[in-house]
Amino acid sequence: MRLSRSLLPTLKETPAEAQIVSHRLMLRAGLVRQTASGIYAWLPAGYRVLHNIARIVREEQDAIGAQELLMPTIQPAELWRESGRYEGYGKEMLRIRDRHDRELLYGPTNEEMITDLFRQSVRSYRELPQSVYHIQWKFRDEVRPRFGVMRGREFLMKDAYSFDIDQAGAVLSYRRMMLSYMRSFQRLGLQAIPMAADTGPIGGDLSHEFIILAPTGESQVFFDAAFEEIDYSQGGFDARSPEDLARFYGLMTSHYAATDEKHDAAAFAALAPERRREGRGIEVGHIFYFGTKYSRAMNFSVTTADGSSVHPEMGSYGIGVSRLVGAVIEASHDEAGIIWPDAIAPFRAALLNLKPGDAACDGLCESLYARLGGAALYDDREERAGVKFNDADLLGHPWQIIVGPRGATAGKVELKRRASGAREELSPEAALAKILG
RNA sequence: CGGGGCGUGGCGCAGUCUGGUUAGCGCGCGUGUUUUGGGUACACGAGGCCGCCGGUUCGAAUCCGGCCGCCCCGACCA
């Protein structure tokens with residue numbers, strides 16, 4: 001992308017409405033613009049990040065055999081009356097009427113809808129277990145939206161639903177999903193910790209929330225360093241193996257982890273000092289096993305091997321995709337701006353032409369840009385070097401290729417690593433190899 | 001939903017209490033000169049229904065009433 005032709009409105013000053021660092025940086029870096037309280041437009045660079053996060057989450061869902069589908073944002077009130085939640089959900093649900101005065105709502109979640117879809121077509125135990133997910137916009141009419149994209153009213157969420165024939169199967173689905181979550185967060189460059197949680201309005205028996213560490217997180221968290229050392233990869237655990245899932249779940253639940261409300265100082269103190277970890281955390285995911293709550297209320301049953309019928313055991317699993325954009329920034333930034341993890345950066349590299357109009361600089365930049373393609377944001381603007389440096393740091397590209405007249409004539413570029421600040425002068429080929437390699 | 005605050009060029013703000021020149025300042029934007037590896041300097045210039053509606057007044061950004069929007073603290077939440 002050429003910066004001179006991009007909708008990437010960086011700001012020198014912070015808009016007054018932004019309080020927390022991720023909100024400020026998202027506005028300043030031109031990732032989003034607020035359209036109404038808690039509702040944001042995603043500008044090109046921000047949208048790329050959102051896509052990248054969604055892609056990783058999707059890959060990890062697919063990897064455990066969950067099927068992607070897409071359910072609508074607007075739902076009929078009738079479905080929610082069946083489960084009893086239309087009345088129960090409260091003012092957070094955005095209720096709408098169409099021209100025929102039919103009651104609709106903008107979905108805050110999809111348990112009812114997916115249960116309806118399953119009951120329409122799934123009749124036999126032979127068709128289960130199944131897990132499905134979608135990545136779709138949700139709306140919760142928060143009384144008080146804040147923290148920018150971290151607590152908006154409209155947000156992008158990955159929500160998954162599992163259907164099993166019995167509790168044993170449902171527990172496996174639950175554990176498998178937990179593994180997928182830990183892998184997703186790890187790939188996003190985040191340290192995540194699962195913690196036992198209350199089930200809230202979703203209801204159910206078993207629930208964990210996933211907290212990621214960020215210095216500006218909303219709650220204090222305490223945990224065992226063991227979480228940092230676990231290998232969540234395919235090599236570490238096979239998601240198809242019940243034994244591996246049991247071992248994994250054992251690790252997740254046997255080590256100490258708690259937010260300040262549930263913190264047990266004595267238990268924490270019992271850990272060896274070098275294993276005690278403490279920090280601030282942000283909730284980015286939540287999983288629930290709630291049994292037959294919806295299948296029973298909505299009369300979804302399947303026949304079993306012996307000819308009787310049962311209500312399938314269900315679970316639902318959410319990841320706040322748009323919230324993660326803010327959460328990642330909270331976890332990874334400095335005074336100059338954002339520091340994107342390589343996996344989700346909008347661009348792998350910023351290509352800084354320090355002297356547009358200079359034949360050597362232009363020529364070298366054009367050839368580098370052609371080689372980098374969509375991986376690079378080419379700063380071809382007629383701006384001072386300082387402006388470009390500052391914008392590149394603010395945007396947080398993992399790499400910066402700096403092309404100035406001095407180096408260009410000598411066939412050299414400077415490569416800067418955003419996270420460490422390390423710079424080195426090297427040949428264009430070597431720089432490309434590092435960035436693309 | 002309780003409490004507090006704010007709406008003035010794209011952004012950050014002053015002016016409002018105490019009504020009265022052409023409504024200011026910084027940044028940004030445009031043109032020119034200058035500068036050329038960390039937000040350069042100078043000059044000139046464009047850009048404002050002062051959130052909206054109504055009222056008071058000879059006169060309203062400023063006073064009064066209503067409405068709308070946004071932010072912060074708390075309770076609540078992926």
Side-chain angles (χ1 to χ4, degrees), chain A residues 7 9-20 23-24 27-28 30 33-39 53 57 89-93 107-111 135-160 181 197-202 207-212 218-219 281-288 316-327 335-337 352-358 361 379 381-394 400-408 412-414 416 421 423 425:
Chain A
L7 181 61
T10 57
L11 262 26
K12 211 175 197 174
E13 291 178 272
T14 305
E17 76 255 24
Q19 299 299 315
I20 62 163
H23 191 194
R24 273 188 275 207
L27 255 16
R28 286 226 297 132
R33 284 289 115 103
Q34 178 166 300
T35 294
S37 180
I39 301 178
I53 292 176
V57 170
Y89 213 91
K91 290 189 170 177
E92 292 208 334
M93 178 185 282
T109 176
N110 290 69
E111 281 83 8
I135 298 174
Q136 176 64 293
W137 293 93
K138 305 286 189 295
F139 197 94
R140 289 184 195 169
D141 198 0
E142 299 280 348
V143 216
R144 191 188 156 208
R146 62 184 127 170
F147 306 147
V149 117
M150 296 248 291
R151 182 146 172 221
R153 292 192 292 171
E154 188 183 51
F155 56 98
L156 187 62
M157 178 164 123
K158 185 289 302 179
D159 43 322
Y181 275 37
D198 295 325
T199 52
I202 308 275
S207 176
H208 283 86
E209 57 186 27
F210 295 81
I211 306 278
I212 61 150
E218 64 242 288
S219 49
I282 300 171
E283 184 185 351
V284 293
H286 207 151
I287 60 179
F288 305 85
S316 72
Y317 315 88
I319 289 183
V321 176
S322 50
R323 166 179 276 199
L324 272 166
V325 178
E335 323 71 51
L352 307 188
N353 185 343
L354 295 193
K355 191 165 187 182
D358 176 89
C361 287
D379 193 342
R381 296 175 302 173
E382 302 212 6
E383 286 288 356
R384 303 262 316 170
V387 172
K388 300 190 178 192
F389 289 136
N390 282 315
D391 273 351
D393 286 347
L394 175 62
Q400 295 172 20
I401 316 174
I402 300 158
V403 179
R406 282 206 303 262
K412 294 280 186 190
V413 300
E414 189 173 316
K416 174 181 168 181
R423 302 150 167 276
E425 194 158 282

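By convention in this document, chain letters (A, B, ...) are assigned in the order of the sequence lines, proteins followed by strands, and residues within each chain are numbered from 1.
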task: With sequence neighbours left out, write down each residue that passes side chain to side chain donor-acceptor pair (under 3.5 Å) with A:Lys388, or none if nothing qualifies.
output: none
Pick out the pairs of N or O atoms, protein on one side and nucleotides 24-26 of chain B on the other, that lie under 3.5 Å.
| from | atom 1 | to | atom 2 | distance (Å) |
| --- | --- | --- | --- | --- |
| B:G26 | N2 | A:Glu13 | OE1 | 2.7 |

message: Given the structure, check if the side chain of A:Arg140 and the base of B:C77 hold any donor-acceptor pair shorter than 3.5 Å.
response: no
Please list, for nucleotides 34-36 of chain B, all pairs of protein and nucleotide N/O atoms separated by less than 3.5 Å.
| from | atom 1 | to | atom 2 | distance (Å) |
| --- | --- | --- | --- | --- |
| B:U35 | O2 | A:Arg384 | NH1 | 2.5 |

Ring pair (Phe, Tyr, Trp, His ring centres under 6.0 Å) against A:Phe210, all qualifying residues, sequence neighbours excluded: A:Tyr181, A:Phe185
query: So, is A:Lys91 close to the B:C1 phosphate, meaning a side-chain N or O under 4.0 Å from OP1 or OP2?
result: yes
- request: Quick one: look up who B:G9 pairs with, Watson-Crick or G-U, both distances under 3.5 Å, and put none if it's unpaired.
  value: none
task: Can you sort out the partners of A:Arg28 under side chain to side chain donor-acceptor pair (under 3.5 Å), two or more places apart, ordered by chain and number?
output: none
statement: Between A:Val143 and A:Ala18, whichever has its closest RNA chain B nucleotide further toward 5' is A:Val143
- prompt: Considering residues at least two apart in sequence or located in another chain, which fulfil the side-chain contact (heavy atoms from CB on, under 4.5 Å) criterion with A:Val143?
  reply: none
Under 4.0 angstrom between A:Gln34 side-chain N/O and B:G69 OP1 or OP2: no
- request: For A:Asn110, enumerate each residue passing the side chain to side chain donor-acceptor pair (under 3.5 Å) test, keeping only those at least two apart in sequence or located in another chain.
  value: none
message: Which residues pass the side-chain contact (heavy atoms from CB on, under 4.5 Å) test with A:Ala336, not counting sequence neighbours?
response: A:Asp334, A:Asp393, A:Arg418
query: Does OP1 or OP2 of B:C76 have a side-chain N or O of A:Arg146 closer than 4.0 Å?
result: no
statement: Residue pair A:Phe389/A:Gly152 against RNA chain B: nearer the 5' end by closest nucleotide is A:Phe389
- line: Pairing partner of B:G74, by Watson-Crick or G-U wobble and under 3.5 Å for both distances, is B:C1
message: If the condition is side chain to side chain donor-acceptor pair (under 3.5 Å), which residues does A:Glu414 pass it with, not counting sequence neighbours?
response: A:Arg423
